Amino acid sequence: MNALPGRALSSDDAWETPPRALTIAGSDSAGGAGMHADIRAFLTCGVHGMTAVTAVTVQNSLGVKDFVEIPAETVAAQIEAVVTDIGVDAAKTGMLASAAIIDAVAKTCHKVGIGREGAAPFVVDPVAASMHGDPLLHVDALNALRDLLFPMATLVTPNLDEVRLLTGVEVSTRAQLADAARAVHALGPQWTLIKSGHLTEDPECVDLLYDGTEFYELPGARYDTPHTHGGGDTMASAITAALARGAPMLEAVRFGKRFVQRAVAHSYPLGAGVGPVSAFWRISTTPV
């Protein structure tokens, strides 16, 4: 089992409050992605997970059938309620659904100290495209992501379809990842992680981390499995957990990369469609 970056666990940790992480994301009624994937990753990384629910989806392994947005003021109230009482060591976003919700999230996170100018690192996973590359957000919501959330993000983690929607940059080869990283970084985040899982012709899965000056390649195996539901959520939440534990960014991202590789390797079929990646590899499956 890979060691966790940041604060080491001790035999007394059961009696202490663990690091705290917040996910601001939508639900997945099939349990494979969204806030459900985030909470699983937080738990298996030794972090207490909290939620601000942005949308309730109606979905199964075959896809999203419908969703209902949570009112923006309720999303903001959830964030403020948990942070002002419990505190937060790192936070992440997932599906934000609308420009109104994005605006409320940005204002509230700034108010409670989440973001690159605050005490808690902020990972923005811009859930803007489906696994088939179709847009999930209206133009005004894409603009709000770029204008409001990216400049306050400690890290943004787009896949290649999201890079295309947000910047217009098309990536079809590994050599073009640097262009994508520069284009996304120009929108204001402190760090940018470009995920290359969609370069299916590349025998490796090489992600690229960029801080505005240096590029860091993160190579990994490419697994022959259709069951990758929740992979992006899982990687972002594992990074968030490592940041909550006090890891520096490069160490946290390397940990998130290792975590999601193992999760994809242990993915499983579920229903008639696409199954989820699995965090079960970090826990024993032997009955007590």
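On a predicted model such as this, the values are computed, not experimentally measured, just so you know. By convention here, the first residue in the shown sequence is residue 1. When reading the values below, keep in mind they use all heavy atoms of this one structure, side chains included, and skip hydrogens, waters and symmetry mates.
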Could you tell me if the side chain of [Y] sits less than 4.5 Å from the side chain of [X], heavy atoms only?
{"X": "Pro189", "Y": "Thr154", "answer": "no"}
{"X": "Asp125", "Y": "Lys195", "answer": "yes"}
{"X": "Val124", "Y": "Phe150", "answer": "yes"}
{"X": "Met35", "Y": "Val53", "answer": "yes"}
{"X": "His48", "Y": "Thr17", "answer": "no"}
{"X": "Leu166", "Y": "Val184", "answer": "no"}
{"X": "Glu69", "Y": "Ile101", "answer": "yes"}
{"X": "Leu160", "Y": "Leu177", "answer": "yes"}

Spacing of [X] atom [atom1] and [Y] atom [atom2] [to the nearest 0.5 Å]:
{"X": "Asp207", "Y": "Lys257", "atom1": "CG", "atom2": "NZ", "value": "3.5 Å"}
{"X": "Leu22", "Y": "Thr93", "atom1": "CG", "atom2": "OG1", "value": "10.0 Å"}
{"X": "Ile114", "Y": "Thr108", "atom1": "CD1", "atom2": "OG1", "value": "9.0 Å"}
{"X": "Asp179", "Y": "Arg182", "atom1": "CG", "atom2": "CZ", "value": "6.0 Å"}
{"X": "Tyr223", "Y": "Cys205", "atom1": "OH", "atom2": "SG", "value": "10.0 Å"}
{"X": "Leu209", "Y": "Phe215", "atom1": "CG", "atom2": "CZ", "value": "10.0 Å"}

(Q) Surrounding CZ of Arg146 (heavy atoms of other residues, nucleotides or ligands, distance under 6.0 Å), is the total greater than 12? (A) yes
Kindly say whether [Y] contributes a backbone atom to a donor-acceptor pair with the side chain of [X] at under 3.5 angstrom?
{"X": "Arg222", "Y": "Leu199", "value": "yes"}
{"X": "Asp233", "Y": "Gly34", "value": "yes"}
{"X": "Gln59", "Y": "Ser29", "value": "no"}
{"X": "Thr167", "Y": "Arg164", "value": "no"}
{"X": "Thr54", "Y": "Met95", "value": "yes"}

(Q) Quick check: closest heavy atoms across Thr157 and Ala236, and the distance to 0.1 Å? (A) OG1-CB, 4.2 Å
Q) If every non-hydrogen atom of Thr240 is compared with every non-hydrogen atom of Ala21, which pair is closest and at what distance? A) CG2-CB, 4.3 Å
Q: Output every pair passing side chain to side chain donor-acceptor pair (under 3.5 Å) with a member in residues 71-92, not counting sequence neighbours, ordered by first then second residue.
A: Arg20-Asp89, Asp38-Lys92, Glu80-Lys111
With a 3.5 Å cut-off and sequence neighbours excluded, list the donor-acceptor pairs that the side chains of residues 268-279 form with protein atoms.
residue, atom, partner, partner atom, Å
Ser278, OG, Phe280, N, 3.0

Q | Donor + acceptor pair across side chains of Asp211, His185 (<3.5 Å) | A | no
Q) Please walk me through it: do Val127 and Leu137 pass side-chain contact (heavy atoms from CB on, under 4.5 Å)? A) CA-CA 8 Å; Val127 180; Leu137 295 177; over 6 Å; no
